[in-house]
Amino acid sequence: GKIILGDQLLERSDVLIDLEDRGYQFGDGVYEVIRVYGGKLFTMKEHIDRLFQSAKKIKLDISMSPEQIQDLVESLLKENGVNFGSVYMQVTRGAAPRNHKFPLPASNTKAVFTAYTNEVPRPQSQLENGVEAITAEDIRWLRCDIKSLNLLPNVLAKQEAADSGCFEAILHRNGIVTEGSSSNAYIVKNNEVMTHPADNLILNGITRQVLATLCKDNSIPFVEKEFEVHDLLHADEVFITSTTSEVMPVIKLDGRAVGNGVPGEITRKLQSLFEAKINQETKV
Ligand SMILES: Cc1ncc(COP(=O)(O)O)c(CN[C@@H]2CONC2=O)c1O
């Protein structure tokens, strides 16, 4: 399949990334992952909007318009014929002689936009059966609201989960549960959904935002409030959300069953509401 580099669709073998690209050397860039269902992009505008928000927060001028990126991604999707999959996109501050400070304006260093597609089936069996997670210290910086390429702490947490045969690591900072290494995290207690407020300590996930609306529209209490690891371990239900995981039940935490060890009622309700939303948006 083709790849986007800048405003061109190229063969992967023709895509060259400079040795001194700041995304490669400093993680100096931002990214998005967008889901494709039945050939249609899901919540694309929200993702592209967040890409620009993240870029602004690191003073990175993408030097392309959201419409330009949208058109490029649409043509990439058509070209590659993705049915159920994802689009990965990122923007870095470009290539310049290695120096922590930004390249000088006079150097005319351009941001580097790349995007590519994957054919990724929906995680049906995990959505049905639920997954296992560990809890781990949130050792990240204090700007987790920026979807940046600085993912080393996320990578290490995800690997710690994988080393325990688990799907995700649910992170906590000073005893307060923040989010997963690549997902948002929720508990259900007495039929209330609770999740960390969308501040600088978590990424305000697009799936999280869709879920908040679904809860409100269906009179399911959606409480954005800090809760502790103790509340997580003693919740009636636990689930995580992300673009690629959708609404994913967590049935075991640190080796111990959550609730009665099977996906909970509210989680199931939210899964079906989310499914209906997908079908409505992409007429699958
Ligand atoms: C740290 C973190 N929190 C929350 C989320 C959930 O956000 P969305 O609902 O907008 O996806 C992600 C998504 N991470 C992307 C999504 O899939 N793979 C990733 O790396 C994430 O990396």
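Atoms within a ligand are numbered from 1 in the order they appear, just like the ligands themselves.
Atom CD of E74 has more than 12 heavy atoms from other residues, nucleotides or ligands within 6.0 Å. Under a cut-off of 6.0 angstrom, the local environment of CZ in F52 is crowded, with over 12 non-hydrogen atoms contributed by other residues, nucleotides or ligands. Atom CG of N174 has 12 or fewer heavy atoms from other residues, nucleotides or ligands within 6.0 Å.
For the pair C144/L203, no side-chain contact is recorded, criterion being any heavy-atom separation below 4.5 Å from C-beta on. Side-chain contact check for L51 versus H47: every heavy-atom pair is 4.5 Å or farther apart.
Of the heavy atoms in N154, only side-chain atoms (C-beta onward) come closer than 4.0 Å to ligand 1. Contacts with ligand 1 closer than 4.0 Å are made by no heavy atom of C144, backbone or side chain. Here Y88 has no heavy atoms under 4.0 Å from ligand 1, in either its backbone or its side chain.
No N or O atom of R140 sits closer than 3.5 Å to an N or O atom of ligand 1. Considering both main-chain and side-chain atoms, R208 never comes within under 3.5 Å of ligand 1 through any nitrogen or oxygen pair. Looking at ligand 1, you won't find any N or O of G180 less than 3.5 Å from one of its N or O atoms. In terms of N/O distances under 3.5 Å, ligand 1 is not approached by S242.
The S181 neighbourhood of ligand 1 comprises atoms 1 (C), with distances under 4.0 Å to a heavy atom of that residue. Every atom of ligand 1 is numbered from 1 in the order shown, and the set under 4.0 Å from a heavy atom of T207 is 8 (P), 9 (O). Every atom of ligand 1 with a heavy atom of N184 under 4.0 Å away is listed here by number and element: 4 (C), 6 (C). Under a 4.0 Å criterion applied to the non-hydrogen atoms of G205, ligand 1 contributes the atoms 7 (O), 8 (P), 9 (O), 10 (O).
Using bins of under 30°, 30° to 60° and over 60° for the plane-to-plane angle, the ring pair F84/Y37 lands in the perpendicular bin.
For atom 11 (O) of ligand 1, the closest heavy atom belonging to the protein is T243 OG1, 2.7 Å. For atom 3 (N) of ligand 1, the closest non-hydrogen atom on the protein side is E179 OE1, 2.7 Å. Closest to atom 20 (O) of ligand 1, if we only count protein heavy atoms, is Y31 OH, 3.1 Å. Among protein heavy atoms, the minimum distance from atom 17 (O) of ligand 1 is reached at T244 OG1, 3.1 Å. Distance from atom 14 (N) of ligand 1 to its nearest protein heavy atom, with residue and atom name: K147 NZ, 3.0 Å.
Both tests pass for R93 against the ring of F102: distance under 6.0 Å to the centre and angle within 45° of the axis. Cation-pi geometry between K269 and F274 is not satisfied (NZ or CZ under 6.0 Å from the ring centre, within 45° of the ring normal).
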For this session: Check the pair K45, Q70 against side-chain hydrogen bond (donor to acceptor under 3.5 Å, both in side chains), reporting the backbone distance first and the verdict last.
Result: CA-CA 8 Å; K45 285 193 185 333; Q70 183 161 333; 3.3 Å; yes
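Residue contact annotation: R50 has a non-hydrogen atom under 4.0 Å from ligand 1.
The distance from atom CZ of R12 to atom CD1 of I3, rounded to the nearest 0.5 Å, is 5.0 Å. Expressed to the nearest 0.5 Å, how far CZ of R208 lies from OG1 of T243 amounts to 13.5 Å.
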